[in-house]
Undergrad: 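Take this structure, written in C-alpha cells, and hold onto it; I'll ask about it next.
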Amino acid sequence: MIRVEVIIPLALDGLFSYAVPEALISEAPGFSVGCRVVVPFGGKRYYTGVVFSLDKEAEISAYKEVEQILDATPIIPEATLKQWEWMAYYYACPLGSILRDALPSGLLPESKTMLSLVEGFEAEEALPHAELLILDTLAEKGAMTTEQLERLVGRRLTRPLLRLIELGAVHTEEALQPRYRPKLARYLRLAPEYQEDEGALSTLFDGLSRAPRQAELLMAFLEALRETGQDHSGALHRSVLLEAVPKSEAQLRALIEKGILEQVLEPVSRLRAVEPSSRESSIADVEPLTHPVTLYYGHTAEDKERYILGQIAATLACGGQVLYLTSSVHSVPSAAGFMQRLAEIAGANYYPYHSLIGEAVRVETYLRLSKLDSPALVVGTRSAIYVPLPHLSLVIIDEEQEYLYKQQLVAPRYHARDVALWRAHQSGAQVLLTSLTPSAEVLFHALRGKYQLLRPESFSAETASQSQQVLPTIELIDLKRLRQLREVEWGHTLTPYLLEEIRSTIARGKKVLLLQNRRGYAPYVTCDACQTRLLCPNCDVSLTYHRTRAALLCHYCGYTAALPEACPSCGAIEVMTKSGLRPALRQVGYGIERVEEELKEKLPAYEVLRIDSDTFSSQKKRMELLEQIESGSAEILLGTQLIRNQPIWEGIGLIAVVQLDAVLGVPDFRSEERAYQLLHQLRLRSRAPREDCPRYLIQTSSTEQAFIKALQVGDYDTFINEVLAEREATNFPPFTRLTHLWLRGKDKRLLASAALVLSQYLKGLLPNERVTDPQIPDLARLEGYYQRQIVIRRPFQQSYREERAAFASALQQLRLSMPESKRLQIFFDVDPL
DNA sequence: AGCACGCCGACT
DNA sequence: GTCGGCGTGCTC
C-alpha cells in the first residue's frame, strides 16, 4: 500500500502517517511529496496537510486514509520542504507551525462543524431552556458553526448540543471551508457540432442571412479566435467579443439561445501585469556582486535605491529570479515611488507578496512562483522568505537591521535575514544586505571579511553636489536641570528653548519633526494617597492612560478599562496637598498624546499631525494621514518610532527628540544600538548644505551618558566598534549566540519548579556556564501567564548540533520526570532580538 | 490547536 | 440532585 507522512498545520511535533487509497492515486498519477492532501485528524476534523514523504511499498497497517488529494502535482518544491525542515530544526519548533506560517491560508482549508436543524423533529418530552434556545436560533438563522451559535446565544453550549445531536434534533456536518476560490469568467465557444465541420458552419451562416447582426457577431467571434491563435474549438472571453462588436448583447443572447455559441465559466488568473518601464535609461550600471554575501553600507537612501535597482535589473536581464524583502510596504502614491520603480523595472515579471495583496492573489502568486522558470522579482515583507522560486539567484534584504524581520510573537520565531542567508547558500544564490545603519552583527561579519563590504565612497554624478552637504550636529537640552530651575512648566515637557526653536523654524517656512517614543497620554497613573500604580490585571505592567479613547490601556494584552474616580487600591478620591485638595489619581509621564496637547496649547497657530500606532491603526487611517502629510498643510509632524518607516517631508528645518529616555526604552544589550540607528537614520535624512542644514535637538534628563557622547560624535562606525567591543567583553552576539528558553503558565509554583528542573537538565547536558538559572523577565506576567526565562549561550563558531540535541533531550527529560509540566507552555526563541 | 472525557463546586 | 466549569490526554 501507499503510505504518506503528512505535515499537519498545528503546533504538534512529528509527522502523521496515512494510507492513500488506490482510487485517489489513479486520478493523480503525479501525486508525490509536496502535494496537499485533506486528512481526517482527531475525533472529527479535517485538515489540509502537505505530503513530506511517500512510501510506495509500505506494510499494510491500520492507518486512516487520505480523504482527498488537492494537488495533482507538487506545489511545494523539494527545496522549499528542505527550508521548512531546516527552520523547524534551527528555530526548535514543530514543522506544523512552519507550515501554518509558510503557506497562504487560502491553500490550507480546514473543516468546520456546521450545525443544522433536522426537518420534522418532534420532541417527545419538554426540553430544557438552553436546548429550546438552540433550536429557535437554528430555525431562525439557519445552519451555522458552534462558535457562531455560542456567540449568538451568549454562552457555552457543549452539553445541550451533544444532547440535541443524540436526540436527533440537530444534524452536524464537517464541511471543508474553501478559503480560496479561483476567479471565474464567462467564456464563449462554438457549439461542438460546428467546431470541426466547415460545412455545418457555412450552412449556419446561410441560415443567419435574415439576421445580419448575428452573422456579423459570429464572424467577429471567429476572427477574434484566429487573432488569438486558436482554432474553432477555442474559447473567447465574453467581454473581448462585446468590445469588438459594441452593443451586441441581444445578438449574443440569440446566438446562445440557438445553440450556436456556448457560454462556459473558466478560471482566470488574478495576476496582473504591470506596465513595463518607460524609464529604462535611468537604471544605473553596477558592478556584479562577487561574493555569496555582500553588505551595501550606503550614505543616502537615494544612492542605495539606485544601487538596488541596478542589481535587480542586471539579474533579471540574465534571466535570474530576485527576492527583494523590505521591512514595511507603503501605500501612498509618492511614498510608493521606490516600490513603483521596482514594479516598472520588472514589468510582467513583478510579483508583489505582502499584506496589501489580497489573499486570493497571494495564493495564485504562490502557485505561479512554485513552477516558474522565467525571470521574476518578488517584492515582499518578512513572510515572503517562504515563497518558492526554482531559479533564485539574488536575495536582497533592504535595511537589514530592521527588527521587523524577526518574527517575535508566534513560532517559528525566525529572522528573515538569517533564513535568507541559509536559503541562498543552499540554492547557490547571492545575498545583498543593504543598510545606512547596519546591525552590529552584520557589520561585524563584513569587517572580518565574511561578507563583502561595499562602502560607496563617492556619490553618483547626479548627487555630486551633495558632497557639499553636511549632517546636522546634535545639540542637547538638559531637561533635568531646566526642571530644577523651574524653566519647564509643571506637568509639561517641552522646554522654552525647544518651543522657541519650533516657532522660528516655522517662521523660516520650514517644517518640524518631533519624536516622542511613547504611546498614549500618560505612561502610568499613580495614587497620591497610597502610592500605588494602576496595573494591568493580566500583565505585570502599568496601564497607560489614553486620552483620545478616554481609557486605561495595557500595551501588552490590550486590556482596557475606564479611568476610575477612586483609587482601586485604597479607595481615595482626593488627597490634601500644599495647594489644597486634588484628585488622588495622578497621570504621570509624557505620552505622545500629552505632547500633542502641549503643542496645541503653546503653539495654537500650527497644525500638528500625529503618527503612532493609534492614528495608524487601520489601512484607511494610515492612507488619510499620509495624504495629509503629503499635502504639506501641517507644520509639525509628531511621531513615535513608527515614523522611521514613513515617508516624511522634504524641507525639514528642525528635528527634535522630546525625551531621549523614551527612545532608549527598557535597557537591554541592544537598546543603545536600536536607539542610535533610529536617531542616526533621522539625521541622515536631514543631510543638507551647511547654510540650510536643519537643527537637531535632543531633550534628555541625563546628558552625561556615553551613548550621548557617541551620538554627538556622530560616527556610526566608531559607535558600532564600541558596541562590538562591549559585546565581546560581556559575551553577547555576535561573539556568543543566544537562545531564550521561555516557560509560561498560570501556576506560579509549578512554573518555578519546572523552570529550575529544566535549567538543571540543560546544565547537565551542556557546559555549565552556558546555561543560566531561570530568570524572571521584565514582564513577569503576560496575559495572565507567569513567565520564566532560561538563557543559553553558545560561543561564536561552536557547532549548534550538540546544543540543539540538548534542547530536545532536556525537554524530554522534563516531560518524563515532571508530567505536570505539560500544563506549561515551553518554547525556544533562537537568536532573540 | 481542538475536542472528548471525567472530576468537582454552585445553584434549584 | 444536575449543570457547567475546567484539567488532562490524544490526535497517524
Side-chain angles (χ1 to χ4, degrees), chain A residues 1-21 24 33 36-55 58-69 88 93-103 105 108-115 125-134 145-150 153-166 172-177 409-412 744-751 754 783-785 815-816 818-827:
Chain A
M1 70 172 233
I2 298 177
R3 188 195 67 188
V4 284
E5 293 195 289
V6 177
I7 314 171
I8 306 284
L10 293 176
L12 296 172
D13 278 317
L15 300 163
F16 295 85
S17 303
Y18 291 85
V20 190
L24 291 183
V33 165
R36 291 172 304 145
V37 287
V38 176
V39 292
F41 189 80
K44 52 180 199 179
R45 288 206 146 228
Y46 290 89
Y47 286 93
T48 302
V50 169
V51 176
F52 189 75
S53 73
L54 186 143
D55 183 355
E59 297 282 313
I60 302 283
S61 191
Y63 294 120
K64 283 195 186 174
E65 289 191 341
V66 167
E67 175 79 14
Q68 205 185 334
I69 292 175
C93 76
L95 202 46
S97 303
I98 309 268
L99 170 56
R100 196 175 266 298
D101 203 44
L103 285 192
S105 59
L108 293 174
E110 290 173 11
S111 76
K112 276 266 154 65
T113 312
M114 291 304 286
L115 306 167
E125 57 201 285
L127 293 174
H129 178 67
E131 292 166 33
L132 289 173
L133 205 57
I134 291 172
T145 66
T146 320
E147 295 86 76
Q148 288 170 320
L149 184 70
E150 288 182 344
V153 175
R155 51 171 272 208
R156 299 291 322 268
L157 297 165
T158 331
R159 244 160 273 234
L161 266 174
L162 279 173
R163 179 118 189 286
L164 286 172
I165 292 163
E166 204 181 318
T172 66
E173 194 186 351
E174 283 298 310
L176 209 61
Q177 309 245 300
L409 293 177
V410 291
R744 306 178 63 195
K746 299 225 172 185
D747 182 339
K748 212 173 179 175
R749 296 181 66 123
L750 173 65
L751 178 71
E783 293 169 332
Y785 292 91
R815 303 255 109 122
L816 286 173
M818 270 183 90
E820 1 30 308
S821 66
K822 278 197 175 161
R823 273 187 278 147
L824 303 173
Q825 290 177 44
I826 302 178
F827 61 87

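Chain A is the first sequence line, chain B the second, and so forth, proteins listed ahead of strands; every chain is numbered from 1. What's counted below: heavy atoms across the whole structure, side chains too, no hydrogens, waters or symmetry copies.
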Undergrad: Let me know the distance between NZ of A/K44 and C1' of C/dC12, rounded to the nearest Å.
TA: 20 Å
Undergrad: Please state how far atom CG in A/L162 lies from atom C1' in B/dC3, giving the value in whole angstrom units.
TA: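 It is 10 Å, rounded to the nearest whole Å.
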Undergrad: Between A/D101 (CG) and B/dA1 (P), how many Å, whole number?
TA: 14 Å
Undergrad: Look at all strands and tell whether A/R823 reaches a base, only sugar-phosphate, or nothing, counting heavy atoms closer than 4.0 Å.
TA: sugar-phosphate
Undergrad: Can you tell if the side chain of A/V37 reaches within under 4.5 Å of the side chain of A/T48, non-hydrogen atoms only?
TA: no
Undergrad: C/dC12, OP1 or OP2 - any side-chain N/O from A/R3 closer than 4.0 Å?
TA: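 Looking at the OP1 and OP2 atoms of C/dC12, neither is under 4.0 Å from any side-chain N or O of A/R3.
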Undergrad: State which of C/dG4, C/dC12, B/dG2 makes the closest approach to the side chain of A/R45.
TA: B/dG2
Undergrad: Among all residues two or more places apart in sequence or in another chain, which pass the ring pair (Phe, Tyr, Trp, His ring centres under 6.0 Å) test with A/F16?
TA: A/F41
Undergrad: Could you list the residues that satisfy side-chain hydrogen bond (donor to acceptor under 3.5 Å, both in side chains) with A/E67, not counting sequence neighbours?
TA: none
Undergrad: Can you check the A/R815 CZ to C/dT8 C1' distance for me, whole Å?
TA: 13 Å
Undergrad: Rounded to whole Å, how long is the line connecting atom CZ of A/F52 with atom P of C/dC12?
TA: 19 Å
Undergrad: Taking only residues two or more places apart in sequence, or in another chain, which ones meet A/E110 in a side-chain contact (heavy atoms from CB on, under 4.5 Å)?
TA: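 Expected list: A/R45, A/Y47, A/R100, A/R179.
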Undergrad: How would you list, by chain and number, every residue that makes a salt bridge (Lys or Arg N to Asp or Glu O under 4.0 Å) with A/D13, sequence neighbours excluded?
TA: none
Undergrad: Between A/I2 (CD1) and C/dC12 (C1'), how many Å, whole number?
TA: 17 Å
Undergrad: What does nucleotides 6-12 of chain B look like as a protein-contact string, B for base, S for sugar-phosphate only, - for none, at under 4.0 angstrom between heavy atoms?
TA: B------
Undergrad: Taking only residues two or more places apart in sequence or in another chain, which ones pass salt bridge (Lys or Arg N to Asp or Glu O under 4.0 Å) with A/R815?
TA: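 So A/R815 forms no salt bridge (Lys or Arg N to Asp or Glu O under 4.0 Å) with any residue.
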Undergrad: Mind checking salt bridge (Lys or Arg N to Asp or Glu O under 4.0 Å) for A/E174 and listing every partner two or more places apart, or none if nothing turns up?
TA: none
Undergrad: Would you mind reading off the distance between A/R163 atom CZ and C/dG4 atom P, rounded to a whole angstrom?
TA: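 It is 11 Å, rounded to the nearest whole Å.
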Undergrad: Hey, what are the protein-to-nucleotides 9-11 of chain C N/O distances that come in under 3.5 Å?
TA:
| unit_1 | atom_1 | unit_2 | atom_2 | d |
| --- | --- | --- | --- | --- |
| C/dT11 | O3' | A/G42 | N | 3.2 |

Undergrad: Looking at A/F827, I want to see if its CZ is surrounded by more than 12 non-hydrogen atoms of other residues, nucleotides or ligands under 6.0 Å.
TA: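 Counting other residues, nucleotides and ligands, CZ of A/F827 exceeds 12 neighbours.
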Undergrad: Could you state the CG-P distance from A/L161 to B/dG2, rounded to the nearest angstrom?
TA: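 The answer, rounded to whole Å, is 17 Å.
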Undergrad: With sequence neighbours excluded, tell me which residues meet side-chain contact (heavy atoms from CB on, under 4.5 Å) with A/I2.
TA: A/V20, A/I25, A/L54
